[in-house]
Asker: 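Please see the structure below; I have some questions.
Just so it is clear, the model here is predicted, and its values are computed rather than measured.
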Amino acid sequence: MTADPAWDRAVLALGLVAVDPHGLGGIWLRARAGPVRDRLTKALDTLPFPLRRIHPNIADKQLFGGVDISATLDAGYIIETKGILGDPATLVLGMAERASGGLAGRIAHALDGAGDMALIALDEGADADERLPSALADRLAFHLDLGALAFGATAPVTLDRVSLAEARQRLAAVEVPESAAEALVQAAVALGISSLRAPMFALRAARAICAISDIAKVGPSELDLAAALVFAPRATRFPDAEQDTADQPPEPPTDSGRDDATGDDADPSQMGETLVEAVRAALPAGLLNLLATTATNRGPAQGSGSGQRRTGYRRGRPLPPRPGAPDGRHRIDLVSTLRAAAPWQAYRRARKPAGTADPRLIVRREDMRVRRFEEHRDRLLIFAVDASGSAAMARLAEAKGAIEMLLGEAYARRDHVALIGFRGTGAEVLLPPTRSLVQTKRRLAALPGGGGTPLAAGLQAAALLAQQARGRGLSPAIALLTDGRANIALDGAADRARAAEDAIGLAAHLRASGVPALVIDSGKRTSAALEKLARHMGASYVPLPRADSASVSTAVSAAFGP
């Protein structure tokens with residue numbers, strides 16, 4: 001039985017990383033633990049660097065090394081350990097979807113270093129939101145998803161170490177046409193890939209393909225294959241092939257051979273179109289039609305509840321200490337450590353060799369306790385209200401009533417509220433973040449209304465206020481109340497098309513910043529434009545054609561938690 005093309009690409013990607021591990025970074029392998037993943041990971045020993053398996057909760061001391069406190073106390077002089085990142089290594093990160101941002105940054109820094117490090121990230125995430133941190137995903141050339149692959153569609157991995165070593169020796173001598181890099185960049189732009197590393201990875205992958213095949217110069221087939229491997233999992237859109245080629249003049253016939261077709265005089269735009277088609281052909285059947293939806297819709301925003309509780313090691317309400325060792329994130333709890341070591345002193349002194357000094361206190365690693373704190377972050381509900389047009393007074397009245405109801409209910413939960421009104425050509429923070437019910441009623445009494453609908457300006461003001469709130473330790477959430485008829489662009493010009501584009505761009509920015517959001521459609525009919533805006537924001541969409549204060553308050557509580 002012939003192996004599935006997805007499996008062939010996975011094996012090829014592993015071979016390319018073995019040829020150029022530092023240049024390609026490694027592989028993001030998304031698959032649950034099982035025979036399919038095991039069949040591929042058993043071949044990881046073909047990579048040139050020693051394998052070092054790590055987990056998402058690995059301590060900085062294990063990564064970077066440092067002072068071994070228990071050994072130092074026992075010996076009476078400083079004993080240091082060498083971390084995993086101190087030597088060349090292929091890091092195999094299990095449960096990579098659980099890696100924290102701090103660990104991702106540390107590994108990313110190592111990957112950007114001297115050139116003796118690669119990463120195989122084993123992602124076992126079951127949901128779309130359980131993914132490898134973007135800092136690592138951007139630094140790995142190949143993104144492989146083998147979750148839907150059956151074991152019968154695979155084949156044993158046969159990678160010859162001697163052949164791969166010879167390919168590594170040939171890699172530096174592979175020539176690259178000047179037009180290849182420009183063509184890859186144009187293809188990346190056409191496919192909606194914003195990362196500058198993607199075309200660099202594709203170019204390095206093409207060189208590695210040539211090195212394995214003992215080809216002296218990168219040609220169109222190698223570029224097509226490299227683009228399919230690197231660009232296909234990253235693509236967020238595909239241009240309309242008929243529209244792109246309708247206005248293109250026919251190419252003149254040529255009898256030139258392979259070298260002429262890939263020479264420095266080749267047209268990068270035509271090469272870029274060919275690369276896009278190669279990526280299109282590499283996608284599984286049915287995925288092309290779902291690509292736009294998958295790229296923009298990751299489900300409704302998750303409620304943040306009445307604030308957030310985080311367990312940390314620096315500030316907040318003290319929690320019972322836990323066993324651990326001090327490192328860059330943990331601080332030792334001296335009293336708890338001494339309390340844990342005290343009952344064992346007589347036993348440990350009795351086991352000391354005869355003639356050795358009798359220390360006053362013998363502390364072992366298992367005695368050490370580290371401090372923990374629970375930090376409570378207050379929630380901020382930011383209402384961005386459309387105060388334009390004939391329905392402005394009704395929407396403002398709804399928002400005023402909802403804010404008063406929510407603030408009255410949430411006073412005991414230490415929630416804050418803020419109000420942004422957008423009308424005319426801009427937006428204004430009408431009510432700064434506050435917990436004062438008296439001040440809120442006074443400020444809400446005389447809010448203005450009428451004018452155009454600068455939806456983008458309202459989203460921009462909400463994003464800025466959310467960023468400022470995070471800097472003050474709050475957990476922001478945005479509730480947008482509008483009928484969706486944006487007609488004022490971000491620069492104040494009356495242009496519906498540009499106004500919609502500006503709003504979509506700011507919605508994507510809000511989604512990238514991770515702010516929970518809710519879009520309440522107050523129009524008489526459901527708005528497709530607002531549904532699209534909600535998808536780009538990663539927000540819940542709630543149509544409330546007859547919204548009143550109670551229904552708005554209920555929708556906000558349901559979206560963000562009571």
Side-chain angles (χ1 to χ4, degrees), residues 300-301 303 379-407 409-410 415-424 426-433 440 443-444 447-466 476-488 499-500 503 506-507 510 515-560:
R379 180 175 65 176
L380 170 63
L381 295 177
I382 302 174
F383 285 84
V385 181
D386 183 355
S388 64
S390 58
M393 300 308 297
R395 276 192 298 268
L396 282 174
E398 296 156 5
K400 293 176 185 178
I403 289 175
E404 292 184 7
M405 292 178 63
L406 287 169
L407 189 59
E409 295 171 357
D415 280 1
H416 298 66
V417 295
L419 176 63
I420 293 174
F422 53 94
R423 66 187 184 95
E428 180 184 2
V429 178
L430 302 174
L431 180 68
T440 301
R443 297 289 296 271
L444 292 176
L447 296 182
T453 307
L455 180 57
L459 293 175
Q460 185 181 53
L464 180 59
L465 187 58
I478 297 174
L480 175 65
L481 182 62
T482 180
D483 59 6
R485 299 174 183 175
N487 53 21
I488 303 297
L506 283 161
L510 279 170
V515 179
L518 170 68
V519 176
I520 300 176
D521 187 353
S522 61
K524 295 182 179 180
R525 297 180 180 178
T526 302
S527 171
L530 271 186
E531 289 189 72
K532 179 180 178 182
L533 183 74
R535 288 197 303 269
H536 281 274
M537 289 178 68
S540 301
Y541 172 74
V542 180
L544 291 177
R546 295 186 179 134
D548 54 17
S549 300
S551 60
V552 172
S553 175
T554 301
V556 172
S557 297
F560 301 133

Asker: Can you tell me how far apart CG (N487) and CG (L455) are? Round to the nearest 0.5 Å.
Answerer: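 One gets 10.0 Å once the value is rounded to the nearest 0.5 Å.
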Asker: At their closest point, which heavy atom of L506 faces which heavy atom of A456, and how far apart are they?
Answerer: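 Nearest heavy atoms, L506 then A456: CD1-O, 2.9 Å.
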Asker: Out of D521, L481, L518, which one pairs with V542 under the side-chain contact (heavy atoms from CB on, under 4.5 Å) rule?
Answerer: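 Per the side-chain contact (heavy atoms from CB on, under 4.5 Å) rule, the option paired with V542 is L518, out of D521, L481, L518.
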Asker: Provide the closest heavy-atom pair for I488 versus G424 in the form atom of the first, atom of the second, distance.
Answerer: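 Minimum heavy-atom separation between I488 and G424: CG1-O, 3.4 Å.
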Asker: Looking at A503 and L459, what are the two nearest heavy atoms and their distance?
Answerer: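 The pair with the smallest heavy-atom distance is O-CD1, 3.6 Å.
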Asker: Taking the side chain as C-beta and beyond, is there a heavy-atom pair between L381 and P476 under 4.5 Å?
Answerer: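 The answer is no, as the side chains (C-beta and beyond) never meet within the 4.5 Å cut-off.
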Asker: How close do A418 and P432 get, counting heavy atoms only, and between which atoms?
Answerer: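 A418 and P432 have their closest heavy atoms at CB-C, 4.1 Å.
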Asker: Quick one, T453 and D386 - any side-chain contact, counting heavy atoms below 4.5 Å?
Answerer: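 Of all side-chain heavy-atom pairs linking D386 with T453, at least one is under 4.5 Å.
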Asker: Please report the shortest heavy-atom distance between I382 and A462, naming the atom on each side.
Answerer: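 Taking I382 first and A462 second, the nearest heavy atoms are CD1-O, 4.0 Å.
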Asker: Could you work out, with side-chain contact (heavy atoms from CB on, under 4.5 Å) as the rule, every residue matching A461, not counting sequence neighbours?
Answerer: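 Partners of A461 by the side-chain contact (heavy atoms from CB on, under 4.5 Å) criterion, ordered by chain and then number, come out as I420, A427.
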Asker: Does the pair F422 and T482 meet the rule for a side-chain contact (heavy atoms from CB on, under 4.5 Å), with working shown?
Answerer: CA-CA 10 Å; F422 53 94; T482 180; 4.3 Å; yes
Asker: Measure across P454 and G426 and return the closest heavy-atom pair with its distance rounded to 0.1 Å.
Answerer: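 Minimum heavy-atom separation between P454 and G426: CG-O, 3.4 Å.
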Asker: Using side-chain contact (heavy atoms from CB on, under 4.5 Å) as the criterion, list what pairs up with A463, not counting sequence neighbours.
Answerer: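 side-chain contact (heavy atoms from CB on, under 4.5 Å) check on A463 returns H509, L510.
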Asker: Could you tell me which residues satisfy side-chain contact (heavy atoms from CB on, under 4.5 Å) with A507, sequence neighbours excluded, listed by chain and number?
Answerer: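 So A507 forms a side-chain contact (heavy atoms from CB on, under 4.5 Å) with L533, H536, M537.
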